Asks: 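Okay, handing you the structure first.
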Amino acid sequence: DLITSHELLHGLLLPKRSTAYVYLSIAGITFYPLNPMSRNRYIFVAILPGIMMSIGMNNILKSRFE
């Protein structure tokens with residue numbers, strides 16, 4: 001589903017050799033990085049999956065209604 005894909009994208013964007021917990025919560029699946037990272041990398045990891053999925057959904061919706 002979309003939430004799982006979103007959380008897995010977070011994991012793929014982590015620096016090499018990083019560790020993260022991915023666990024189930026009330027909200028669904030949750031991603032929690034354990035290694036320190038720079039402020040800019042953290043922002044990148046935090047927002048890029050949302051941007052990528054927004055663009056993907058926009059393209060899917062456009063193609064359905066054309």
Side-chain angles (χ1 to χ4, degrees):
D1 72 352
L2 287 176
I3 295 173
T4 304
S5 302
H6 176 93
E7 296 302 327
L8 290 175
L9 279 173
H10 283 299
L12 292 173
L13 296 169
L14 283 178
K16 287 183 181 180
R17 302 198 187 279
S18 293
T19 305
Y21 284 142
V22 179
Y23 58 93
L24 293 176
S25 70
I26 294 171
I29 190 169
T30 303
F31 171 86
Y32 185 80
L34 299 176
N35 300 83
M37 64 182 93
S38 70
R39 179 184 65 92
N40 290 341
R41 183 62 177 238
Y42 179 81
I43 292 169
F44 174 75
V45 169
I47 66 172
L48 193 62
I51 292 170
M52 289 172 62
M53 295 189 83
S54 296
I55 292 169
M57 289 303 292
N58 187 28
N59 290 337
I60 290 169
L61 291 173
K62 256 197 227 179
S63 66
R64 285 193 120 180
F65 295 108
E66 285 183 342

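Since this is a predicted model, take the numbers as computed values, not measurements.
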Asks: Between Val45 and Leu13, what is the shortest heavy-atom contact and its length?
Replies: CG2-O, 3.6 Å

Asks: Other hydrophobic cluster members with Leu61, side-chain heavy atoms of Ile/Leu/Val/Met/Phe/Trp/Tyr under 4.5 Å, chained?
Replies: Phe65

Asks: Could you pull out the closest heavy-atom pair between Ile29 and Thr4, with the gap in Å?
Replies: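 Smallest heavy-atom distance, with atoms named: CG2-CA, 3.8 Å.
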
Asks: Looking only at heavy atoms, which two atoms of Ala20 and Pro33 are closest? And how far apart?
Replies: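 Looking at all heavy atoms of both residues, the closest pair is CB-CA, 3.9 Å.
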
Asks: May I ask whether Ile43 and Met53 are part of the same hydrophobic cluster, defined by side-chain heavy atoms of I, L, V, M, F, W, Y residues being less than 4.5 angstrom apart, directly or through others?
Replies: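 No, Ile43 and Met53 fall in different hydrophobic clusters.
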
Asks: Partners of Ser54 by side chain to side chain contact (heavy atoms under 4.5 Å, CB included), sequence neighbours excluded?
Replies: none

Asks: Under the side-chain hydrogen bond (donor to acceptor under 3.5 Å, both in side chains) rule, collect the residues that match up with Ser18, sequence neighbours excluded.
Replies: none

Asks: To check you understand the geometry: which heavy-atom pair defines the closest contact between Glu7 and Thr30, and what is its length?
Replies: OE1-C, 4.0 Å

Asks: Return each pair, listed once, that meets ring-ring contact (aromatic ring centres under 6.0 Å, His included) where at least one residue sits in residues 10-59; pairs must be two or more places apart or across chains.
Replies: His6-His10, His10-Phe31

Asks: Tell me every residue that passes side chain to side chain contact (heavy atoms under 4.5 Å, CB included) with Ile51, counting only those two or more places apart in sequence or in another chain.
Replies: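 Listed in chain order: Ile47, Ile55.
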
Asks: Can you name the side chain to side chain contact (heavy atoms under 4.5 Å, CB included) partners of Ser63, sequence neighbours left out?
Replies: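 Ser63 satisfies side chain to side chain contact (heavy atoms under 4.5 Å, CB included) with no residue once adjacent residues are dropped.
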
Asks: Are Leu14 and Val22 grouped together when hydrophobic residues (ILVMFWY) are joined by side-chain heavy atoms under 4.5 angstrom apart?
Replies: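 Yes, same cluster.
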
